[in-house]
Amino acid sequence: MEVVHTTDWHLGFLHGKHPSPVATLMREISKPCKYARDNGIQHVIVSGDVCHSYVMSPDVQRALYRLADKYADLEFWIIPGNHDYHSKNVTSLEALFETTRRYDNLHIILQPRVEELSGVPFTFLPFPYSDPILKTPSVLVSHLTPAGAKYENGKVATRGTTAIDSEAGYWLNGHLHLAQETNYYNCCGTLYPVRFGMDDVDFGFTHLEFDYSEGELHVSVENRVSTKPKLKMQRVLVRDASEFQALEHDADTLYSLHVAAGVVVPQKQLRTYSNILEIVPEGGRKKKTEKGVVSVQKQIDDSALLENFFATEQVPPDVRAVARQLDSAFRSLLQGKHQMRVYASSGLQGGDE
């Protein structure tokens, strides 16, 4: 039997960052589904982090229903990942689970269970479960990190889980945004960038074939399909003010600008670029003091700015409480997402800069 494996959609992460936050991602999510249909593959495995938060927004929910309707001939097998997860009884997939009776092809798995798909045993282990369950080899779908695997920044996972056991069978893992495989696990990576620093990542999904007979499981990776997404998240080093002119007014190109010391940031001009998500000093949050000591330059988010305002303006406690409640309610509407506003502190001059 054959499957298409995809993972880490992180639906919702573009809210507040893009004018079409759901449609932009669903355009890419449709690619593995279309591939499965075109190649006569019945099963699509989604190994976690369907959403970027444990609260699924209504527009995301509607988009997933439309996906199930459009590809009614496919069987979707979906588990929650760490981003979907709040507790064992609260995940972003709860609402979807309650209404899946209308969709026979949408299988939302919130508790560990074994399913036989076209004669092959699959063990579904939604986050944070890790027990293989079966004593015989199966295909294990999880959102776990194998020790020794690589993150998209090139770092090696040193705190991998012992649940990634080669004797248990073959693992289809989410969580790792970088495509990689060994003889006993496959991580298909993401379909598109979900954070900055993924410039050289090969985005896509995996087509696998399984053969199971008398307790023996044989696996072959048939195809690794690159999606070549339109969405880009670029870190740009700005060493001269003239380089700001080269930035694109393109909603699908999101920028993190790292500005060298002494470069004047033209705030009036950059205010017209809704696709610039952050401006940070060169080198991130660290800079050397005169004595050569490395100090951390703190990123200031909205909640910290609010608390600083309370302290500076000596806002009364009762007013603070109401302001915090309003702030919390607003964040909930945005699925807990808020854009980090980071300012380059060096090289700024007076006036409009």
Near-ring test Phe210/Phe122, centroid separation under 6.0 angstrom: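 Yes; Phe210 has its ring centre under 6.0 Å from that of Phe122.
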Ring centers of Tyr35, Phe205 separated by less than 6.0 Å: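 Yes: the rings meet the under 6.0 Å criterion.
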In chain order, what residues pass the ring pair (Phe, Tyr, Trp, His ring centres under 6.0 Å) check against [X], with sequence neighbours excluded?
X	value
Phe124	Trp77
Phe244	none
His18	none
Tyr129	none

N/O donor-acceptor pair under 3.5 Å between [X] side chain and [Y] backbone:
X	Y	result
Asp84	Cys51	yes
Thr182	Tyr185	yes
Ser220	Glu222	no
Asn275	Glu248	yes
Asp49	Asn82	yes
Asn39	Ile41	no
His83	His52	yes
Tyr192	Trp9	yes

Just jot down the side chain to side chain contact (heavy atoms under 4.5 Å, CB included) partners of [X], sequence neighbours excluded, or say none.
X	result
Ser213	none
Tyr54	His86, Val90
Val201	Glu152, Leu178, Met198, Phe203

Which atom of [X] lies closest to which atom of [Y], heavy atoms considered:
X	Y	answer
Gly12	Val60	N-CG2, 4.3 Å
Asn105	Ala68	ND2-O, 3.2 Å
Val265	Leu270	CG1-CD1, 3.6 Å

Taking the side chain as every heavy atom from C-beta outward, state whether [X] and [Y] have any atom pair closer than 4.5 Å.
X	Y	answer
Thr136	Pro121	no
Leu277	Ser256	no
Tyr103	Leu67	no
Leu64	Leu11	yes

Residues two or more places apart in sequence or in another chain: which of them pass side chain to side chain donor-acceptor pair (under 3.5 Å) with [X]?
X	answer
His5	Ser47
Thr272	none
Ser142	Asn173

How long is the gap from [atom1] on [X] to [atom2] on [Y], to the nearest 0.5 Å?
X	Y	atom1	atom2	result
Glu28	Cys33	CD	SG	12.0 Å
Thr91	Tyr85	OG1	OH	9.5 Å
Met1	Asp211	CE	CG	11.0 Å
His43	Leu208	NE2	CG	13.0 Å
Tyr71	Ser30	OH	OG	4.5 Å
Thr7	Leu172	OG1	CG	9.5 Å

Using the side chain to side chain donor-acceptor pair (under 3.5 Å) rule, collect all pairs that involve residues 224-238, keeping only residues at least two apart or in two chains.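 Listed once each, the pairs are Asp202-Ser226.
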Salt bridge (Lys or Arg N to Asp or Glu O under 4.0 Å) partners for Glu181, two or more places apart: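 Glu181 satisfies salt bridge (Lys or Arg N to Asp or Glu O under 4.0 Å) with no residue once adjacent residues are dropped.
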Test Leu231 against Leu25 for side chain to side chain contact (heavy atoms under 4.5 Å, CB included), laying out the working first. CA-CA 8 Å; Leu231 180 70; Leu25 302 186; 4.1 Å; yes
Between His175 and Tyr151, how do the two ring planes meet: parallel, tilted or perpendicular, split at 30° and 60°?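 Perpendicular.
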